[in-house]
Amino acid sequence: MASTRGKAGAIEAGDDKGLNGYDKDTIRDLYRTMLLIRRFEERAGQMYGMGLIGGFCHLYIGQEAVVTGLQAAALPSDTVVTTYRDHGHMLATGMDPKGVLAELTGRAGGYSKGKGGSMHMFSREKNFFGGHGIVGASVPIGAGIAFAHKYLKEEACCLTYFGEGALNQGQVYETFNMAALWNLPAIFVIENNRYGMGTSVERAAAHAQELYHRGQAYGIPGQQVDGMDVIAVYEAGKEVIAKVKRGEGPHIMEMQTYRYRGHSMSDPAKYRSREEVEKYRSERDPIENLKGRILKVGTMSEEDLRAIDREIKDIVADAADFATTSPEPDPTELWTEVLVATA
Amino acid sequence: MPIEILMPALSPTMTEGNLARWVKQVGDSVAAGDVICEIETDKATMEVEAVDEGTLAKILVEEGAEAVVVNTPIALMAVEGENLEEAAQGASSAPPVAAPAPASLSPSAPPPAVTVHEPAAAKPAAEPEWSGETETRTVREALRDAMAEEMRSDSKVFLMGEEVAQYQGAYKVSQGLLDEFGDKRIIDTPITEQGFTGLGVGAAMYGLKPIVEFMTFNFAMQAIDQIVNSAAKTHYMSGGQIASPIVFRGPNGAAARVAAQHSQCYASWYAHCPGLIVAAPYSAADAKGLLKSAIRNPNPVVFLENEILYGHSFEVPKDGDWTIPLGKAKVLRQGKDVTITAFSIMVGKALEAAEALVAEGIEAEVIDLRTLRPLDTETLVASVMKTNRLVSCEEGWSFAGIGSELAAIVMEQAWDWLDAPVKRIHGADVPMPYAANLEHLALPQPVTIVAAAKEVCYR
């Protein structure tokens, strides 16, 4: 089975006419979710600087279109697992920004009651299975969840997100092999943001220009998608999710995207030029691009968009308020939930 | 009201930094994302980006300033519609937007006066005395029966591993299971321990109950990240939302003449880790009863078997619902002079030693630990309080081994009862040699246990 190149769905990037095929609500939701992630992450970065968030904090700014577009194409019964750059995934699966931000501040109101932190957060209710801190380790876990979907005869798939850095881990290929061998409903989403910490993809990955080919030896089809174009991601996502649910086996999506901020907070950013970051921000920004297309086509007015801005601003402010006023976990929490209690 | 720009923390450990350079000057307009200044930390010089929009109204900390403490206001920024000069007069007396750090994180605050003790583990129910019918089974058959019975009663239980299905198990433990349950539930995996262990953990997180067989635990070293980081820690890290009801099982420790890479005991490795349960049975009855409990348990269980024991026969209760509680040791032989603890294959050697000690006039009490985490300290301490002496037996290495832990527990909880130093019997502190004579020397033998028991009894 050959890999298929590029054509990410019916709509070409920058094809403004494409928006005409969508109802206003779909476009509105895409815009709103991306903006929520952007504003949430900016606030998280700010709160980190204020000492309210500790440890590692990996921001998703710049990559919003990837998870927003794919999760818009998925159903609530589909499952999600990702690595440690995970705040955007949580917001896109509908987790409460308050609980996410309160986990970042290490408070009792956080999704893990303050015991997980930025990299280790989960929501069983939203089918979000983390939030994993070990690069590559979440990939077989995602295939395991896909295995469970198949075992239980559910019409669902597992979206397994990981970076292009994780793609070089051996267990990823062990997973590709089993996923193909057992025809699992697994979608492997490579978020190629071009840098694994400070190492550019060209310096870490052989044949870096076509990472979606990495499943070819196992017969897993792959495609490259413009991960800065939320409509392209959404279209490609709908197609792939449907195909995987039809029982056609696993699929690889290489999302070409870019992170604006450092790997974590303490990133001197000496491995790329300011001009490169600026170019992405000014020319490829997923939110600005969608906004421009919305206004050009007239899906929504300036005032409609401003209303969304205001709504998001309030949501993030409320989340920050909750995250700074929620109490620290009770000291007794230190000892709870090491094991599931048995009678 | 102007916005105070605070000295940011740029790394997990940063408490202060130097203000290397102001990129923006007073009067410059600033957009979110613009670099406003450069901060030098002990690791690197980093650019600080603005979060808010506005106009830089006043610089409070001049460039070149050193050791500026995190959260110190370094500049004031006028927001839209604000007069620059008024803004420069300073922020209102209102406190900066930063909420104070939680008390327990503030470096100046004393540690919170809270004493929390680890709660005692829930006590497992006592093992019911079995007075019913028994049948003779090998450990191999008992393990197979346990899996088959649990698979019959719970469709979410399945077995995966190398050669478990068509080959009928590398050591024939899964013999016949493929015929009864089919290939959907008895699954041959490729030789990819890390991958299939992670896949099993993912399936468990979603609610299935996988049994992952390692052909031997030596190969599980390839997968230990998934066992410890993914399976053992996720329930805690998720605030109790995501459990991993999974059993990792297979032969552990030395077999015979398979040398260093195939002859290691991992008991203390796994017993070290909170979030895991670790069992290491000796008899067929315990193997069956504990494995059934392990499969039913909602936590990850590391189940350490022994290849040599697979062929040993024992009496096993004839009852499909009979189980042994995890976390409960068993006194196999009563005695008043010395306590000998062991687990897995060393139990047989300890019993042999106890028999030999009778001729020496020493009555040894033999305890099969059966579960290593949680450890049944109650049974251990009660026995030592009776015999006043402890000899601990294991096949693994001594350093930070199970015996070291038992010695510490007895010292902490039965110090005044001890009449002799605790004696640890263990494998030689070398990689397992291949030559028959050297292998024999590397493994603890009943004579070693006899000598140790006599030593602590001062005979």
Side-chain angles (χ1 to χ4, degrees), chain A residues 42 45-46 48-52 54-56 79 81 106 110-113 115-116 120-124 129-130 132-134 137 139-145 147-149 151 170-171 174-175 177-178 181 265-270 281 324-325 328 331-332 334-342, chain B residues 6 8-12 14 32-33 41 43-47 51 70-71 97-99 101-102 104 112 114 116 118-119 122 158 184 189-190 192 194-208 225-226 229-230 234-243 274-275 277 297-299:
Chain A
E42 286 169 350
Q46 186 185 32
Y48 190 93
M50 292 156 76
L52 289 163
F56 297 123
T79 44
V81 66
Y111 265 96
S112 298
K113 305 179 189 170
K115 289 150 80 165
H120 319 109
M121 242 184 285
F122 307 80
S123 171
R124 192 65 187 81
F129 287 81
H132 295 267
I134 307 295
V139 179
I141 289 173
I145 296 167
F147 175 93
H149 287 317
Y151 189 95
Q171 59 186 317
E174 299 187 13
T175 304
N177 182 44
M178 289 182 288
L181 193 63
M265 301 308 289
S266 50
D267 180 340
K270 295 299 178 206
R281 278 183 151 165
T324 47
T325 54
E328 289 190 278
T332 56
L334 179 63
W335 301 110
T336 60
E337 289 147 355
V338 177
L339 293 173
V340 180
T342 49
Chain B
L6 304 178
L10 298 169
S11 79
M14 176 176 164
T41 71
K43 297 192 187 98
T45 300
M46 291 165 59
E47 295 171 333
V51 178
V70 165
N71 272 339
V97 267
S104 63
V114 180
V116 185
E118 188 169 6
F158 68 97
K184 191 195 157 196
T189 65
T192 53
Q194 191 178 19
F196 71 68
T197 303
L199 193 147
V201 173
M205 286 177 178
Y206 195 72
L208 300 186
D225 171 65
Q226 291 289 0
N229 267 322
S230 300
T234 298
H235 190 252
Y236 191 81
M237 293 195 300
S238 67
Q241 288 185 78
I242 312 273
I277 290 172
N297 195 283
N299 294 293

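Throughout, protein chains are lettered first and strands after them, A, B, ... in sequence-line order, and every chain is numbered starting at 1.
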Can you name the residues that form a side-chain contact (heavy atoms from CB on, under 4.5 Å) with A:Lys270, not counting sequence neighbours? A:Pro268
Checking B:Gln241 side chain against A:Tyr111 main chain: does a donor-acceptor pair fall under 3.5 Å? yes
Pick from B:Pro274, B:Ser238, B:Pro8: which one has the most heavy-atom pairs with chain A under 4.5 Å? B:Ser238
In terms of heavy-atom pairs under 4.5 Å with chain B, the winner among A:Gly130, A:Gly133, A:Gly110, A:Ser123 is A:Ser123
Quick check: closest heavy atoms across A:Gly142 and A:Val81, and the distance to 0.1 Å? CA-CG1, 3.5 Å
Check B:Pro190 against A:Met178 and note the closest heavy-atom contact, atom names and distance. CG-CG, 3.6 Å
Ranked by heavy-atom pairs below 4.5 Å to chain A, first place among B:Ala243, B:Gly198, B:Ala204 goes to B:Gly198
Contact leader toward chain B among A:Gly55, A:Pro140, A:Gly116, where contacts are heavy-atom pairs under 4.5 Å: A:Pro140
With a 4.5 Å cut-off on heavy-atom pairs, point out which of A:Lys113, A:Arg124, A:Met265, A:Met121 contacts chain B the most. A:Arg124
Residues in side-chain contact (heavy atoms from CB on, under 4.5 Å) contact with B:Thr189, at least two apart in sequence or another chain: A:Trp182, B:Met160, B:Glu162, B:Phe196
Please flag which part of B:Gln194 lies under 4.5 Å from any non-hydrogen atom of chain A: side chain, backbone, both or neither. both
Establish, from distance only, whether the side-chain atoms of A:His120 and A:Ser112 form a donor-acceptor pair under 3.5 Å. no
Under 4.5 Å from a heavy atom of chain B, the part of A:Ile134 involved: side chain
Please classify the contact of B:Thr45 with chain A as side chain, backbone, both or neither, using a heavy-atom distance under 4.5 Å. backbone
Contact part of A:Ala269 toward chain B, heavy-atom cut-off under 4.5 Å: side chain, backbone, both or neither? neither
Contact leader toward chain A among B:Asp225, B:Thr192, B:Thr234, where contacts are heavy-atom pairs under 4.5 Å: B:Thr192
Please evaluate residues B:Phe158 and B:Lys184 with respect to the criterion side-chain contact (heavy atoms from CB on, under 4.5 Å), reporting the C-alpha separation (whole Å), side-chain torsions for both, the decisive distance (0.1 Å), and the verdict. CA-CA 8 Å; B:Phe158 68 97; B:Lys184 191 195 157 196; over 6 Å; no
